[in-house]
Amino acid sequence: MSSNSPEANPMAASPAATSALVTDKATTASSAMSYDQKQLAFTEHVEDIYDDADLKGKGLSLPVFQKAYIGFMNLKQRHKVSSSKAILTVIDFTKSSREKRMWVIDLKAKKVLYNTLVAHGRNTGNVQAVKFSNQPNSYMSSLGFYVTDNTYFGKHGLSLKLDGLDKGFNTNARERAIVVHGADYATKDFIKQYGRLGRSLGCPALPTEVSKEVIETIKNETVIYLHSNDKSYRSDYLNMNLAVESFAAEIPAFALNS
């Protein structure tokens with residue numbers, strides 16, 4: 001009998017058996033965890049992604065990323081996003097338009113796919129984004145969580161339709177034709193000439209040299225979170241309890257992928 005055979009080495013389990021064992025253990029562990037333990041595990045998981053993706057080094061703050069991730073988990077739990085993708089896009093409009101303030105993050109691989117400039121609406125502000133609106137013809141940016149839809153070719157070339165999900169803040173995105181598109185006023189050259197990015201009619205406009213790649217990456221049911229310090233902003237998708245419980249239910253999957 002070969003010393004490498006399962007009979008000779010009863011401790012050698014198949015990959016499938018090992019996966020099943022890890023899953024069983026993780027399921028048992030998660031079901032026995034208190035809420036505080038689940039929350040701690042959730043927080044540690046968020047920080048692991050943040051650190052591994054070097055989001056601090058790329059200019060995204062941990063509190064903003066955590067809000068975006070809470071929303072992602074809420075939307076995932078409510079089956080509003082693709083089950084086959086783990087792509088989260090964060091736009092931080094507390095930053096100047098001269099800064100790269102959009103991050104496209106692969107949560108599974110824990111890496112930043114794109115970190116780029118992004119323009120805000122004409123009436124949202126000059127260098128800084130300071131005013132937001134959900135109203136048609138306001139020419140302002142709209143805060144909150146969006147889910148991407150399909151692409152089309154418009155006056156700005158390849159563009160990406162968006163569905164705003166935060167009632168009162170961005171739910172008129174379709175009516176307002178708020179889409180992701182490329183624009184020659186959202187480039188470094190424009191900043192060099194004018195000291196800031198140009199402004200859109202409310203769309204998150206990207207540099208033309210990366211817009212196609214970004215749009216192809218984030219299309220079809222991925223999450224975009226557009227952040228500011230606007231104290232009036234509220235969202236059903238910033239429910240920490242739901243995010244923690246949703247994460248805890250997936251601990252077996254995270255255990256297998258870690």
Side-chain angles (χ1 to χ4, degrees), residues 59-61 64 67-68 89-104 114-215 218-219 222-235:
L60 179 59
S61 77
V64 173
K67 281 187 176 181
T89 301
V90 184
I91 297 172
D92 185 358
F93 274 164
T94 66
K95 292 181 173 291
S96 161
S97 66
R98 293 188 288 258
E99 299 179 73
K100 292 182 177 181
R101 51 184 180 171
M102 177 172 170
W103 300 261
V104 179
Y114 300 97
N115 179 202
T116 183
L117 299 166
V118 58
H120 56 251
R122 178 187 301 171
N123 291 334
T124 280
N126 191 13
V127 177
Q128 299 285 149
V130 293
K131 295 189 294 184
F132 303 90
S133 176
N134 190 35
Q135 295 304 311
N137 303 314
S138 66
Y139 300 154
M140 294 186 194
S141 299
S142 301
L143 299 175
F145 288 99
Y146 298 80
V147 169
T148 63
D149 194 8
N150 59 344
T151 60
Y152 70 98
F153 283 89
K155 64 180 180 180
H156 296 289
L158 183 68
S159 303
L160 177 62
K161 297 177 183 177
L162 302 176
D163 288 311
L165 302 180
D166 282 322
K167 188 175 180 179
F169 292 96
N170 63 16
T171 45
N172 288 330
R174 286 279 187 164
E175 180 184 351
R176 297 178 61 204
I178 300 300
V179 300
V180 179
H181 64 76
D184 56 9
Y185 56 75
T187 62
K188 289 180 180 178
D189 288 341
F190 196 97
I191 293 173
K192 288 177 184 177
Q193 186 172 356
Y194 296 101
R196 59 164 173 80
L197 285 190
R199 294 162 297 172
S200 68
L201 300 183
C203 298
L206 305 178
T208 49
E209 63 265 25
V210 297
S211 61
K212 183 178 184 296
E213 294 176 20
V214 171
I215 286 169
I218 69 175
K219 67 181 182 181
T222 73
V223 177
I224 296 177
Y225 172 57
L226 200 158
H227 174 78
S228 88
N229 286 333
D230 190 317
K231 291 181 171 57
S232 70
Y233 174 66
R234 299 288 184 275
S235 176

Quiz item: Using the ring of each side chain (for Trp, its six-membered ring), is F145 parallel, tilted or perpendicular to Y225, with breaks at 30° and 60°?
Solution: parallel
Exercise. Ignoring hydrogens and angles, state whether a donor on the side chain of T187 or D189 is under 3.5 Å from an acceptor on the partner side chain.
Key: no
Exercise. Apply side chain to side chain donor-acceptor pair (under 3.5 Å) to R176 and list each qualifying residue two or more places apart in sequence or on a separate chain.
Key: S138, S142
Quiz item: Can you tell me if OH on Y194 sees more than 12 non-hydrogen neighbours from other groups inside 6.0 Å?
Solution: no
Quiz item: Using the ring of each side chain (for Trp, its six-membered ring), is F93 parallel, tilted or perpendicular to F132, with breaks at 30° and 60°?
Solution: parallel
Exercise. Ignoring hydrogens and angles, state whether a donor on the side chain of H227 or R101 is under 3.5 Å from an acceptor on the partner side chain.
Key: no
Practice problem: Tell me yes or no: between the side chains of S228 and D230, is some donor less than 3.5 Å from an acceptor? | Solution: no
Practice problem: Report yes or no: does T222 contribute a side-chain atom to a donor-acceptor pair with the main-chain N or O of I218 at less than 3.5 Å? | Solution: yes
Quiz item: T124 side chain to V130 main-chain N or O, any donor-acceptor pair under 3.5 Å?
Solution: no
Exercise. Using the salt bridge (charged side-chain N to carboxylate O under 4.0 Å, His left out) rule, collect all pairs that involve residues 132-151, keeping only residues at least two apart or in two chains.
Key: D149-R174
Exercise. Identify the heavy atoms of G195 and R98 that sit nearest to each other, and give their distance.
Key: O-NH1, 2.7 Å
Exercise. Ignoring hydrogens and angles, tell me if any N or O in the side chain of N170 forms a donor-acceptor pair with the backbone of L143 under 3.5 Å.
Key: yes
Self-check item: Main-chain N/O of G157 paired to S159 side chain as donor or acceptor, under 3.5 Å
Solution: yes
Exercise. Taking all non-hydrogen atoms of both residues into account, name the closest pair between I215 and H181 and its distance.
Key: CD1-CA, 4.2 Å
Practice problem: Using atom types as modelled and distance alone, determine if a side-chain donor or acceptor of N134 lies under 3.5 Å from a backbone N or O of T171. | Solution: yes
Quiz prompt | Heavy-atom donor-acceptor pair, E99 side chain to S96 backbone, under 3.5 Å | solution = yes
Exercise. Verify the distance criterion only: is there a donor paired with an acceptor across the side chains of D166 and Y146 at less than 3.5 Å?
Key: no
Exercise. Kindly write out the residues that satisfy salt bridge (charged side-chain N to carboxylate O under 4.0 Å, His left out) with D184, not counting sequence neighbours, or none if the list is empty.
Key: none
Exercise. Would you please test V64 and V90 for side-chain contact (heavy atoms from CB on, under 4.5 Å) and show each step?
Key: CA-CA 8 Å; V64 173; V90 184; 3.9 Å; yes
Practice problem: Measure from the side-chain N and O atoms of R199 to the backbone N and O of R122, and report whether any donor-acceptor pair falls under 3.5 Å. | Solution: yes
